[in-house]
Amino acid sequence: MRLNVAHPEVVVDINDLERLHGAIDIGPQGLRLGALVRMAKAADHPVVKRDYPIIAQSLVLAASPQIRNMASLGGNVLQRTRCQYFRDTSWHACNKREPGTGCAALDGMNRKHAVLGISDHCIASYPGDFAQALVALDARVELMSSTGVRVIRFEDLHRLPGDTPHVETVLHPGELIMGFIVPAGPWTRRSLYLKIRDRQSYEFGIATAAVALHIEGGTVREARIGLGGVAAKPWRAHEAETLLQGRPLDEDAANAAARIAFAGAVTHGHNDFKPELGRRTLARALLAAARMEV
Ligand code: SF4
């Protein structure tokens with residue numbers, strides 16, 4: 001709105017709903033985070049930090065303390081792309097802002113743009129961090145509207161751009177996010193979020209990896225991998241997870257998983273470096289998670 005990109009006729013302040021949807025509940029089944037929990041409250045919660053470090057880390061690395069104190073988790077997952085052509089209205093061609101106008105980034109400055117899940121209509125990358133942690137942990141999201149409540153996989157909340165990049169989520173008009181459910185699992189403690197960016201703070205990721213592992217007797221029983229900064233939506237690397245199952249997590253395995261995770265990458269010039277950076281980021285995150293003492 002401040003950049004003159006969005007012109008809503010009505011803006012509704014939902015902050016009062018914090019009384020209903022601003023709680024963190026933790027039990028044997030897992031974690032429930034209300035949509036109006038502030039980023040700082042979840043990031044600083046001692047049990048979240050101990051049992052779900054990937055969530056705390058993704059929130060701390062996502063924003064400055066001022067923003068973490070103000071921003072809600074529900075709002076965080078719905079943030080818009082940082083594509084400069086989307087945010088600068090002096091550029092005409094942007095299918096996400098104005099459907100049917102084209103995509104200035106295809107032949108323009110696309111260093112920060114996505115290499116996974118893109119289409120000929122939009123190559124914008126999803127900018128968030130917390131969402132990758134939710135994707136990796138198999139989270140579900142509760143949605144509420146005047147017609148009732150539905151619960152979907154968080155992985156299904158964001159849409160790939162296809163030929164309708166202006167439709168970014170499966171939310172219906174009038175539907176609100178109520179909260180996130182993160183199931184408990186033997187992989188949540190051995191989890192971490194690695195964010196590679198141009199500078200060390202107040203910066204969006206150019207390649208990020210959210211990794212959670214269940215390792216038993218030196219062998220990977222389950223691996224969970226989310227990728228960010230490189231994809232059109234919070235990205236789950238299912239094939240890389242399958243590759244790691246049932247084998248020790250050494251450097252060869254980490255590199256093989258990273259290769260398969262980026263096998264489908266498509267670049268556009270300035271972002272040619274991203275698949276390699278993404279592979280290195282993921283391999284480093286996997287090896288660091290394997291070394292964690294839990
Ligand atoms: Fe618009 Fe997407 Fe192209 Fe950026 S990448 S100019 S957001 S259509």
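In each ligand, atom 1 is the first atom listed, and ligand 1 is the first ligand listed.
- The two atoms that bring M109 and Q84 nearest to each other are O-NE2, 2.9 Å, heavy atoms only.
- Between D138 and R153 no salt bridge is recorded (no basic side-chain N to carboxylate O distance below 4.0 Å).
- Counting heavy atoms closer than 4.0 Å to ligand 1, residue C103 contributes atoms from both its backbone and its side chain.
- Protein heavy atom nearest atom 1 (Fe) of ligand 1, with residue, atom name and distance: C94 SG, 2.3 Å.
- Protein heavy atom at the shortest distance from atom 6 (S) of ligand 1 is Y85 CB, 3.5 Å.
- Atom 2 (Fe) of ligand 1 lies under 2.8 Å from an N, O or S atom belonging to C122.
- Taking 4.0 Å as the cut-off between side-chain N and carboxylate O, E168 and R80 count as a salt-bridged pair.
- Close approach of ligand 1 to F86 is summarised as follows: ligand atoms under 4.0 Å from at least one heavy atom of the residue are 7 (S).
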Could you check L171 against L157 for side chain to side chain contact (heavy atoms under 4.5 Å, CB included), going step by step and ending with a plain yes or no?
CA-CA 7 Å; L171 283 172; L157 177 65; 4.1 Å; yes
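- We find the CD1-CD distance between I55 and Q132 to be 12.5 Å, quoted to the nearest 0.5 Å.
- Heavy-atom separations between H121 and ligand 1 include at least one value shorter than 4.0 Å.
- Residue R199 places its CZ atom among more than 12 non-hydrogen atoms of other residues, nucleotides or ligands, all under 6.0 Å distant.
- Within ligand 1, counting atoms from 1 as listed, the ones closer than 4.0 Å to a heavy atom of I123 are 5 (S).
- Shortest contact from atom 4 (Fe) of ligand 1 to any protein heavy atom: C83 SG, 2.3 Å.
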